[in-house]
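Just so it is clear: chains get the letters A, B, ... in the order the sequence lines come, proteins before strands, and each one is counted from 1.
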Amino acid sequence: MTRTAPTSPPRPRRGGSMRRHQARTAYTFLLVPLIFFLIVRFLPTLSALRLSVFDWNILKEQQPFVGLENYERLFADEKFGQSLRNTALYAVIGVPAQIALGLVVALMLNRIQALRGLFRALYFAPYVTPIVAAAWVWQWLFSPQFGPINTFLIWLNIPPQNFLTSPSQALATTAALVVWQNLGFQIVLFLAGLAAIPRSYYEAAEIDGANGTQAFWKITLPLLNPTIVFSVVTGTISYLQLFTQVVNLNFTDQGGPLGSTMTVALYIYQIAFGRYQMGYASAITVVLFVIILAITLIQLRFLTRRYDL
Amino acid sequence: MKKLLTLALGLSLASASAAPVTLTYWQYDYASKVSTMNELIKKFEAANPDIKIKQETFPYDAYNQKVASSVPAGQGPDVVNLFYGWLPQYVDSGYLQPLPAKDFPIKKIESDFVPMIQTSKMDGKYYALPISVRTLAVFYNKDLFKAARLTPPRTWEDFIAAGAKIVKGAPPRFTTLGFGIQPDGQDYHMVREVLVRQFGGTPYSKDGKTATYDSDAGRKAMAFYTDLQTKYKLGVPNFFPGNNSYRDAFIAGKVGMIIDGSFAINTIKNGAKFEWGVIPLPVMKDNGVRSNFGSYWVNGITKNAKGEKLDAAVKFLKFLTSETTQRTWLDSVGEIPASRKLAGDASLRKDPVFGAFVGSLPFAHSTLFVDEAGQRKAWVDAINTVLLKGAKPADAIKQAAADEQKILNSYYK
């Protein structure tokens with residue numbers, strides 16, 4: 001057997017180097033965000049994992065290793081339990097409410113022609129309003145003393161409610177604020193989803209004798225599935241990380257009254273930056289991360305549907 | 001070459017000794033404090049041309065966080081302004097140096113300053129000293145008092161009677177409050193350091209390691225305070241939205257009386273569009289126990305200041321805590337002086353606004369906090385279980401004591 005020189009198929013040299021060059025440029029540009037994310041996202045996440053096994057109080061000279069002690073403390077911490085339950089409640093109230101309301105409003109906006117832009121702007125305005133300002137206005141709206149909402153209730157012969165200052169009503173009121181703020185964004189998502197459904201499907205359904213309700217359940221809703229999945233997943237994550245609204249609605253007793261509006265994210269903040277127990281706060285962060293990851297994976301697994309029409 | 005090196009070394013040494021020492025001073029951002037401090041720094045630098053002071057300020061909400069994260073990293077200030085309640089943690093962590101005894105003799109400190117500053121003595125050493133101190137008093141709306149034909153109350157009984165005449169509306173729809181009740185304002189300090197003592201108890205053991213208010217006096221204090229809302233219906237917490245609810249409502253003229261600190265004087269002076277006055281905290285009966293809650297901000301030297309910086313820092317601290325500076329502070333910032341002598345000044349004691357605050361300095365107690373945020377939460381939550389959930393005051397005080405003890409135990413373990 002004679003050794004033959006390895007022959008390479010003739011290649012268009014110029015084009016190849018060009019493609020390689022382009023790829024290299026693309027990688028270079030992609031590398032920047034990658035490094036950025038490594039440094040500002042993953043590195044802190046990993047160090048949180050490390051901190052969580054230390055008794056890391058920034059006001060102490062010694063930061064002893066304590067193993068899983070911080071995690072054990074979590075089980076006995078009633079306030080953590082309460083914040084976890086509250087956070088779940090926020091998600092359970094908020095996500096379905098904002099998706100259902102968003103869908104209803106988007107369908108209505110899709111129907112009308114006149115003043116469409118105005119209504120869209122009106123619904124979108126809360127989303128771009130600074131949360132601090134919105135929280136301030138809500139405090140006045142729901143004030144037991146001066147709030148127009150209570151004035152309205154009295155006019156209806158309903159006794160005035162305490163809303164934000166009542167441990168049993170504060171969470172629902174806070175959730176309502178978040179839903180109201182997110183609604184505009186939700187509507188925009190649905191409007192985009194609706195616009196992506198070809199008119200021909202509805203025309204075909206009409207010819208087959210389908211009525212409006214049938215068209216909604218058989219065409220609109222299934223084809224909105226990607227939008228709904230996206231909304232459920234991102235919505236749930238944002239409710240699990242709820243923080244700013246809660247902080248600003250009751251500034252002197254954040255998460256109060258009596259911890260009734262406390263969220264996990266706010267609890268982490270208070271433990272870390274109010275009481276400087278970084279190790280314990282990191283342990284809670286890790287637990288929250290695991291919960292969010294698990295819920296997101298479950299949602300993606302069970303909500304995603306493929307519809308072939 | 002060698003010559004050149006020696007020359008360079010000589011030059012750098014010469015320039016080092018000629019260059020002034022620069023100290024960094026930190027305090028939180030409060031307009032009148034910052035501008036007064038700038039004036040004081042100018043004065044100090046004129047007297048000490050070899051020392052330069054750089055003032056840096058941060059928003060109040062982020063201040064403690066900023067200090068806590070910078071000093072351990074070896075950055076941050078040489079001289080720092082701290083809330084006295086944070087001291088145990090900062091001293092424990094070794095971020096503050098004890099004040100040199102030769103420059104600040106303990107005996108002299110204790111005879112010069114009002115008694116409550118002894119809370120910041122740790123292991124027999126002082127780590128920091130205040131320029132000014134603050135106590136609590138009752139601010140009242142003279143116009144509302146006049147309209148109801150009332151005189152300023154001296155006892156709690158009068159206080160309740162006056163509040164009852166001023167309050168308008170019924171819970172939860174009040175239009176005017178008799179008393180701007182606000183547990184998470186200054187009220188919880190008042191219950192702990194004033195009412196508990198007035199009912200014959202003490203809130204803490206002498207070493208500060210045990211909460212001792214789950215007692216008869218504590219139960220009475222909690223019941224008395226919560227009765228102001230539940231029984232006498234003088235007002236509700238969070239009457240106005242916002243983070244200074246009771247004070248904002250008072251400034252708006254919607255509240256007859258509030259209990260607030262001397263630090264609120266300027267805000268109220270600038271905001272209120274009516275006649276208002278200040279009276280001392282009420283007593284149970286004439287000649288009954290007087291007590292007050294005192295607090296203060298201190299200036300300490302961090303571990304960053306070494307060598308000639310330390311010497312400069314000592315000079316600066318001496319200047320800051322001098323009587324002249326305290327006088328300037330009173331005039332420009334409106335905070336009452338920490339010096340016994342100045343506080344005993346007859347004109348200050350008779351002052352219609354400062355008088356009530358200064359007068360209570362001899363019997364003002366400050367609490368030794370080890371975890372200010374946590375200890376505050378224990379109290380606010382306990383009070384709220386009574387106000388919002390109808391819990392028994394006795395159970396609430398028990399809960400507060402248990403929660404706070406847990407925090408104390410984890411610190412002193």
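- Options N64(B), N244(B), V380(B) differ in how many heavy-atom pairs under 4.5 Å they form with chain A, and the most are formed by N64(B).
- No hydrogens or angles considered: a donor-acceptor pair under 3.5 Å links the side chains of E193(B) and T367(B).
- Other residues, nucleotides and ligands contribute only 12 or fewer heavy atoms inside 6.0 Å of the OH atom of Y123(A).
- Annotation: Y28(B) is not in aromatic contact with F58(B) [ring centroid separation under 6.0 Å not met].
- For T385(B), the parts lying under 4.5 angstrom from a heavy atom of chain A are both the backbone and the side chain.
- Using a 4.5 Å cut-off between heavy atoms, E372(B) does not touch chain A at all.
- With no hydrogens or angles considered, a side-chain donor-acceptor pair links N81(B) and N299(B) at under 3.5 Å.
- The candidate with the highest count of non-hydrogen atom pairs below 4.5 Å against chain A, out of F239(B), F240(B), W86(B), Y90(B), is F239(B).
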Compile the donor-acceptor pairs under 3.5 Å between side chains in residues 228-237 of chain B and protein atoms, sequence neighbours left out, one pair per line.
from    : atom 1 : to      : atom 2 : distance (Å)
T230(B) : OG1    : T226(B) : O      : 2.9
K233(B) : NZ     : T230(B) : O      : 2.7

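- Contact annotation for residues 270-287 of chain A against chain B (heavy-atom separation below 4.5 Å, listed by residue number): F273(A), G274(A), R275(A), Y276(A), Q277(A).
- The six-membered or imidazole ring of F65(A) lies near that of F54(A), with a centre-to-centre distance under 6.0 Å.
- Taking the six-membered ring for Trp, Y60(B) and Y63(B) have ring centres at least 6.0 Å apart.
- Using a 4.5 Å cut-off between non-hydrogen atoms, the part of residues 161-186 of chain A that approaches chain B consists of N162(A), T165(A), P167(A).
- At least one cation-pi condition fails for K303(B) and Y95(B): the charged atom is not both under 6.0 angstrom from the six-membered ring centre and inside a 45 degree cone around its axis.
- Proximity to chain A (any heavy atom under 4.5 Å) is restricted, for I407(B), to the side chain, taken from C-beta onward.
- Listed options N57(A), T151(A), N248(A), N250(A) were ranked by heavy-atom pairs under 4.5 angstrom with chain B; first place goes to T151(A).
- Counting non-hydrogen atoms of other residues, nucleotides and ligands closer than 6.0 Å to OH of Y127(A) gives a total of 12 or fewer.
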Next on the checklist: N86(A) vs Y267(A), test: side chain to side chain donor-acceptor pair (under 3.5 Å). Steps then yes/no.
Outcome noted: CA-CA 11 Å; N86(A) 287 345; Y267(A) 192 55; over 6 Å; no
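- The candidate from A382(B), G374(B), G185(B), P241(B) with the greatest count of non-hydrogen atom pairs under 4.5 Å with chain A is P241(B).
- Under the 3.5 Å distance criterion, the side-chain polar atoms of Q405(B) are matched with a main-chain donor or acceptor of K209(B).
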Checklist entry - Stepwise, does the side chain to side chain contact (heavy atoms under 4.5 Å, CB included) test hold for V246(A) with M262(A)? => result CA-CA 7 Å; V246(A) 183; M262(A) 181 70 77; over 6 Å; no
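- For chain A, the nearby parts of N384(B) are the backbone and the side chain; heavy atoms of each come within less than 4.5 Å.
- With chain A as partner, the option from S69(B), A68(B), A62(B) having the largest number of non-hydrogen pairs under 4.5 angstrom is A68(B).
- Taking the salt bridge (charged side-chain N to carboxylate O under 4.0 Å, His left out) definition, one finds that D248(B) meets it with nothing, sequence neighbours left out.
- Shown here is F289(A), whose CZ atom has no more than 12 heavy atoms of other residues, nucleotides or ligands within 6.0 Å.
- Each of W138(A), F142(A), F146(A) has some count of heavy-atom pairs under 4.5 Å with chain B, and the biggest count is that of F146(A).
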